[in-house]
Amino acid sequence: VAWQMLLGLSTKDVLFHAETNYYHPLYASTKQPDFVHIKNGDSKDDQGCLWERPPIFTPVAKEFLTNSTEWRDIVQLDTLVHRAADRSLTRTIQSLNRQKFQRNLAQFYDGMARVQRDCGVGNRIRKLCDGGGTLNRENNTCLFDNEGCDHNCINEMEF
C-alpha cells in the first residue's frame with residue numbers, strides 16, 4: 001500500500017488473487033498447493049502439471065528455526081536488513097500521512113476479500129493446471145504460466 005501511494009496507483013492496481021500455490025495466512029484458502037506447471041527451459045522439456053507437496057515442518061525443524069542460536073547466527077544479517085527496511089517503511093508511512101495510509105490499507109483488505117470471493121479458481125479464474133492435474137493451455141486466464149490469472153476478473157470489478 002505504501003508503494004501504491006508513492007506511485008499514485010489505485011487500490012485496484014495492487015490487488016491480486018491468492019493462488020493456491022501462494023500461501024499467506026490473510027488471503028490463502030485452506031486448500032494446500034496441488035498441481036503446478038513444470039517447464040525446464042525450452043518447450044521440448046515441458047513436463048506438464050505435476051503435484052507439488054506442501055512444505056512440512058517437523059518438530060525438530062520448528063524447534064531449530066524457533067530457538068536455535070545457530071539459526072539466529074545464520075540469519076543475523078538478514079535480520080538487520082529486515083529491521084532497517086521496517087524502520088524505513090515506518091518513516092515512509094509517517095511522511096505519507098498515517099491516517100491516509102490506514103484508510104488505503106483498509107480499502108486494500110476489503111478489495112482483497114472481494115477478489116478472493118469473486119475471482120476464485122473455478123469461479124472466474126482458469127489456471128494453466130486444473131485441480132486434476134490437466135494442462136489447460138488454451139482455456140486459461142493467465143498472463144504467463146500460472147501468473148496473473150486474475151487480471152480479467154480484477155479489471156472488470158468496480159471499486
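Residues: numbered from 1 along the sequence shown. Nothing here was measured: the structure is a model prediction, and the numbers come from that model.
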field: Worked check of side chain to side chain contact (heavy atoms under 4.5 Å, CB included) between Arg98 and Thr90
entry: CA-CA 9 Å; Arg98 182 168 288 282; Thr90 300; 4.0 Å; yes

Any donor-acceptor N/O pair, Glu156 side chain to His151 backbone, under 3.5 Å: no

Single-linkage hydrophobic cluster, 4.5 Å side-chain cutoff, Met112 and Trp3 together: yes

field: Leu15 side, atom CG; Asp110 side, atom CG - distance, nearest 0.5 Å
entry: 10.0 Å

task: Any chance you could lay out the side chain to side chain contact (heavy atoms under 4.5 Å, CB included) test for Thr69 and Arg72, step after step, and finish with the verdict?
output: CA-CA 5 Å; Thr69 55; Arg72 280 193 292 274; 3.2 Å; yes

query: Looking at Val115 and Phe16, what are the two nearest heavy atoms and their distance?
result: CG1-O, 3.6 Å

query: Linking I/L/V/M/F/W/Y whenever any side-chain heavy atoms sit under 4.5 Å apart, do Leu105 and Leu7 land together?
result: yes

message: Please say yes or no: joined through hydrophobic side-chain contacts below 4.5 Å, possibly via intermediate residues, are Met5 and Leu89 part of one cluster?
response: yes

message: To the closest 0.5 Å, what do you measure between CG (Leu65) and CD (Glu70)?
response: 10.5 Å

- prompt: Just how far is it from atom CD1 of Ile154 to atom OG1 of Thr11, taken to the nearest 0.5 Å?
  reply: 12.0 Å

field: CG on Leu96 to CD on Gln102, rounded to 0.5 Å
entry: 12.0 Å

- line: Heavy-atom closest pair (Lys12 atom, Met157 atom, distance to 0.1 Å) is NZ-O, 2.8 Å

task: Check the pair Phe101 / Val1 against side chain to side chain contact (heavy atoms under 4.5 Å, CB included), numbers first and verdict last.
output: CA-CA 7 Å; Phe101 175 84; Val1 173; 3.8 Å; yes

field: Rounded distance (nearest 0.5 Å) linking atom CZ of Arg83 with atom CG of Asp78
entry: 11.5 Å

task: Taking the side chain as every heavy atom from C-beta outward, state whether Val14 and Phe108 have any atom pair closer than 4.5 Å.
output: yes

message: Test your reading of the model: is there a side-chain donor-acceptor pair from Asn155 to the backbone of Asn152, 3.5 Å cut-off?
response: no

- prompt: Just how far is it from atom CD of Glu63 to atom OG1 of Thr58, taken to the nearest 0.5 Å?
  reply: 10.5 Å

task: Kindly say whether Ala84 contributes a backbone atom to a donor-acceptor pair with the side chain of Ser88 at under 3.5 angstrom?
output: no

